Structure formats: C-alpha cells, structure tokens
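Below: the structure, in structure tokens.
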Amino acid sequence: MIEVENIHKSFGDTHVLKGISTVFEQGKTNLVIGQSGSGKTVFLKCLLGLFEPEQGQICYNGSYYSELSMDQRRDLRQEMGMVFQGSALFDSMTVEGNVMFPLDMFTKQSKAEMQDRVDFVLERVNLIDAHKKYPSEISGGMQKRVAIARAIVMNPKYLFCDEPNSGLDPKTAILIDNLIQEITREYQITTVINTHDMNSVMEIGEKIIFLKNGFKEWEGTNKEIFKTDNVAVTDFVYSSELFKKVRQMYIEERN
Ligand SMILES: Nc1ncnc2c1ncn2[C@@H]1O[C@H](COP(=O)(O)OP(=O)(O)OP(=O)(O)O)[C@@H](O)[C@H]1O
Ligand SMILES: [Mg+2]
C-alpha cells in the first residue's frame, strides 16, 4: 500500500503538484488520469523517489520515505518496477538481455538462476520465441511485454507504469492493460498506472484519481466515473462521442 499525504512539487515558480493526498492499495490497478500537462508523470516520479516533494509525505507499506536511511531508500527502490512512457528498452541488447539487466545490476544470482527467472517472466508475459531478438525486430506490443517482464523480474512490491499502452492499437492496448492487471493481482503488487486512455479506465480502473492543474479533482472507481456530475471529470471523460453516448444511456437509466 502507498499512502500519499498532501504532496507539493514545484519547479522554480511552476507549482505542478498542489497538495495531492490518496491511498493506493495492494493488488489493485490504481489509475492516474488527467490531461496532458496535469502532472501525472511528475506525480509518478515522486512515487518512484526520483523527485522529492517540498511538502507532504509518501508512505510505503507503513514506512515514510523521508524517515528512511540511504540504504533503506536503495532497498525500497529495488522493490519498485517501472514501465516508462515508450518502452525504453536498450536497443543494443536482446530481449533476454534487457530483462536480465536488473538482475545483473542488483543481485548476486548465478547465470543459471538469472536465466531461469528471465525465462519465467518472459513466459508470464506470453513471449516465448523472442529471447534472442532485438527490440527493433519485434512489434510495439511485444516491446511493451518485454518492458513489463523487465519491470517484474525483481519481484517488485510496487509497479509504476507511465502510459503503458501509448502507441498501441486499441485491441493490443487492452491486452497489455489486462496483463498488468493479472500480474498485479497474482503477485499482490501495488500498481499505479498513468493513462489518458478511456478504454483503460473502463477495463482496469479499480481506483482512479483525476488530476487537474496539479490538484486531485476527483477520485473513485470505473463504475463511479460514469455517474459523477463533476464537470471537470465529465469534460475529460466525454471528450469522445462514444462516451457521450454511454453517459446518455446512464442518465436515461437513472430517470
Ligand atoms: N523537470 C522538470 N522541470 C520543470 N518543469 C517540469 C519538469 N517536469 C515536468 N515539468 C512541468 O510539470 C508540468 C506537468 O508535467 P507532466 O509531465 O507531469 O504532465 P503529464 O500529465 O504527465 O502530461 P502527458 O500526459 O503529456 O504525459 C508541465 O507543465 C511540465 O512542463
Ligand atoms: Mg506524462
């Protein structure tokens, strides 16, 4: 579980996060949504410990980040998996090399142990025959799977994904969303996903926070988001015609 308490983050005069508080539970796919520039990536980088908020606290399974020693912070960092915007794979390494990289860097496992773990996670993300290929030789959807495999190879307690299905067709995007949700449940990970994809919201939005101008404007579930009267949320959600129709159906049902 991650508890976020009133965090503020600025860059010079630009106040980006303006007092965000929320709780992300373990085993759930928690979504952060909001327009471009609303602060989603900055927020995720705060959760990752890459940015330190000027004010407020973040608590990981009961431990406040600010109270951890340098060694404890490093240990916590190793409990975090990250899927970056764009897959951010190493082009010069094979699929297998990319996934093995964190094990090589941070553990003292033998080559055989590492290979077993790499084989296991690649199978878990349904990539069987791609071990020796380079990122440029596989599809965008496969690259995302590799990025997910790399993010979970260290058995993380926390998984952070920044727009994990950007650039994918809607069908592949849903497969990736579902894979992240399955893995989250199976390994009881605390997962936080940035997205502006309404399909993701519908599919895997077990808990959603909506950021606007650096404030948490709304929070709830994918069932609640289609019923809310919050204008900022409805403007965001119903920016597409399809969702306007869905909302109309809800309103008619209610009346
Ligand atoms: N390192 C930085 N230095 C200065 N300003 C920054 C920095 N990183 C982000 N910002 C500013 O913070 C604001 C929020 O940016 P952020 O990248 O978090 O938005 P976002 O919601 O992730 O947008 P997108 O959906 O386009 O990815 C923007 O105004 C951005 O210019
Ligand atoms: Mg972003």
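These values consider heavy atoms only, across backbone and side chains, with no hydrogens, waters or symmetry-generated copies. Atoms within each ligand, like the ligands themselves, are counted from 1 in listed order. Since this is a predicted model, take the numbers as computed values, not measurements.
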Donor-acceptor check, side chain of S10 to backbone of D13, threshold 3.5 angstrom: yes or no? no
Check: E163 main-chain N/O paired with Q85 side-chain donor or acceptor under 3.5 Å: no
Write down, by chain and number, every protein residue that brings a non-hydrogen atom to less than 4.0 Å from an atom of ligand 1. F11, V16, Q35, S36, G37, S38, G39, K40, T41, V42, Q85, E163, H196
Side-chain (T190) to main-chain (M1) donor-acceptor, under 3.5 angstrom: yes
Side chain to side chain, N222 and M202, heavy atoms closer than 4.5 Å: no
Roughly how far, to the nearest 0.5 Å, is the CD1 atom of I209 from the OG1 atom of T22? 5.0 Å
So, leaving waters aside, the tally of protein N/O/S atoms less than 2.8 Å from the Mg ion (ligand 2) stands at 1
OG1/T172 to CZ/R145 distance, rounded to the nearest 0.5 angstrom? 8.0 Å
Measuring only between side-chain heavy atoms, which start at C-beta, is Q115 closer than 4.5 Å to E96? yes
Electrostatic pair R124:E182 at N-O distance under 4.0 angstrom: yes
Can a donor-acceptor pair be found, under 3.5 Å and without considering hydrogens, that links the side chain of H196 to the backbone of M198? no
